[in-house]
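Working notes, beginning with the structure itself.
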Amino acid sequence: MSDVKLWTWIFVGLTFSLYIGIAIWSRAKTTGDFYVADKHVHPVLNGMATAADWMSAASFISMAGIIAFAGYDGSVYLMGWTGGYVLLALLLAPYLRKFGKFTVPDFIGDRYYSDAARLVAVFCAIFISFTYIAGQMQGVGIVFSRFLEVDVKWGVVIGMVIVFFYAVMGGMKGITYTQIAQYCVLIFAYMVPVIFISLQLTGTPIPQLGFIGNSGGEPLLQKLNGLTTDLGFTPYLSGSKSVWDIAAITLALMVGTAGLPHVIIRFFTVPKVADARKSAGWALAFIALLYLTAPAVGAFSRINFIETVNDSVYEATDETATPDWFKTWEQTSLIEWDDKNDDGIVTYKAGPENEVKVNRDIMVLANPEIAGLPAWVIALVAAGGLAAALSTAAGLLLVISASVSHDLLKRVFVKDLSEKGELRAARLAAAGAIFAAGYLGINPPGFVAQVVAFAFGLAAASFFPAIVLGIFWTRTSKQGAIAGMLSGIGFTTAYISISNSSTRLPTCPTIGGSAYPPKVLAHSA
């Protein structure tokens, strides 16, 4: 067993044991525990749990990879996702907590005095959550596939089993305290490698300073800009999008973030409205720690990737000449090399002569290996990626569970359902959702950030208008809310699906037999 694999088993085993232990300790005994942790979560702890819930596999695994290849254009994700959280914290969270309900469909149903509006909101919540959760379970499969040399399908199954324990047993109470632990794991795993790499490249342990510092006597960003320009790629510091395009994508991501049901529900878990505001502030501080570091991770990984790939010589008769990290990741099909001219030398550049295909989802996970960091650091990143994916998956599963048991059964179809019966229904719904999530993780509709962007677009078009107008405009009617949610989710789904299917570009490498669609859905959303 390799050192990386051994360390990964150790870290994954320890963290998974911690998550299961918390689930057993915090087992939900009432529906209040299951849905909103009995509204007794401290604002600081809720802020940490919210950060873990919100920072999914897309934030941990994909975002820095997008920035690594998109450069300036990747800033839309930083601005859109963090700006959306500010929008949610200031515009929606306190008012939703003051309303005192359990779920977003609960708010919509009572605000518009309509079971029909509630049912439409349930449909939107389940559709958005399943779309989002596909990316999380896919991220789990990627990590297991590479670091534990487990088939993607079995990696997803293992993730399902772990989530089953603390989502089904503990509900929101178990999920909250598990997410607190997962935040500590993911932020530690994210920061340690980038600190090491910052020291290697720029001599400073502070990644944000290293990002704007010098590398080899030259400003790091200027060096990266020169490398990408020389290879024929879009210059790293120059954007290919217009100001209006960037503004539109950023706005879409902002309102999508503010409409995500699994984030909104976290503000129902604190005792008072004032605590909702406090927990929002704490969550923003915890989120900023990762998001202010992501540009450095992207820049560092791209520099190391370009230099190690283009300086590598591959000999058909001498496999030892192959860089270990490249050869290892080739086994996952997330990076491929096709020696088109049979010269034994990797050509990584823009245009038809390019011989390297790389999936952006590997950049954060492969970054420590590319930089030659110790095995325990590489394994730590794997544990962090799992924590990010599982924390968000658990929050989404709770949304689905609560939508079925509380909003459908208790509030519409079986209004005399006992608390014990409702709790049993919630657990059964969570268990069923886990199996469906596992299927979507094995058969994903796109790469991690792509699927998440789809979910953001759906939330932006359906929930956000109904919630904002429901809070701030008393004349909003149930007919308008229903029409808005249905037309928003329908049009967005159709537009993105048609745009994606009409694009005729080569497919990217596959995972689990499912080809990644080539078009980035975020640009359509």
Side-chain angles (χ1 to χ4, degrees), residues 1-15 57 59-65 67-69 139 142-149 184-211 213-216 220 223-224 227 289-290 292-312 320-332 334-335 358-388:
M1 182 181 292
S2 67
D3 289 343
V4 173
K5 189 175 181 181
L6 176 61
W7 275 109
T8 304
W9 276 114
I10 291 172
F11 282 133
V12 170
L14 289 174
T15 54
S59 291
F60 190 97
I61 295 175
S62 284
M63 183 174 63
I67 295 172
F69 287 94
I142 290 172
V143 174
F144 272 107
S145 173
R146 160 60 190 93
F147 292 100
L148 296 179
E149 299 174 15
C184 296
V185 171
L186 75 86
I187 201 66
F188 185 72
Y190 200 82
M191 296 301 297
V192 168
V194 73
I195 289 172
F196 273 110
I197 297 171
S198 182
L199 282 168
Q200 285 182 345
L201 294 180
T202 65
T204 175
I206 303 174
Q208 293 81 359
L209 295 180
F211 179 65
N214 290 334
S215 176
L220 183 138
K223 178 180 179 179
L224 180 55
L227 287 171
L289 189 56
L290 186 145
L292 291 176
T293 308
V297 176
F300 296 163
S301 64
R302 186 70 185 280
I303 284 180
N304 283 333
F305 179 84
I306 289 173
E307 292 183 339
T308 57
V309 169
N310 281 323
D311 289 344
S312 300
T320 60
T322 303
D324 290 339
W325 76 265
F326 197 109
K327 187 175 182 64
T328 302
W329 278 97
E330 274 186 307
Q331 297 172 9
T332 68
L334 293 175
I335 188 169
V358 56
N359 187 290
R360 66 192 70 188
D361 282 345
I362 77 168
M363 294 306 292
V364 171
L365 299 174
N367 199 20
E369 294 175 90
I370 298 172
L373 298 184
W376 69 268
V377 178
I378 298 170
L380 183 63
V381 173
L386 289 172

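The basis for the numbers below is simple: all heavy atoms, side chains too, and nothing from hydrogens, waters or symmetry mates.
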Taking the side chain as every heavy atom from C-beta outward, state whether [X] and [Y] have any atom pair closer than 4.5 Å.
X: Met363; Y: Ile67; result: no
X: Ile197; Y: Leu373; result: yes
X: Phe300; Y: Ile370; result: no
X: Leu380; Y: Trp7; result: no
X: Val358; Y: Val309; result: no
X: Tyr190; Y: Val297; result: yes
X: Thr202; Y: Leu209; result: no
X: Ile335; Y: Phe305; result: yes

Leu290 and Ser59 have their tightest heavy-atom pair at CD2-O, 4.0 Å

Under 3.5 Å, side chain of [X] to main-chain N/O of [Y], donor-acceptor pair present?
X: Ser198; Y: Thr204; value: yes
X: Arg360; Y: Gly65; value: no
X: Thr8; Y: Val4; value: yes

Here the side chain to side chain donor-acceptor pair (under 3.5 Å) pairs for residues 369-386, sequence neighbours left out, are Arg146-Glu369, Trp329-Glu369

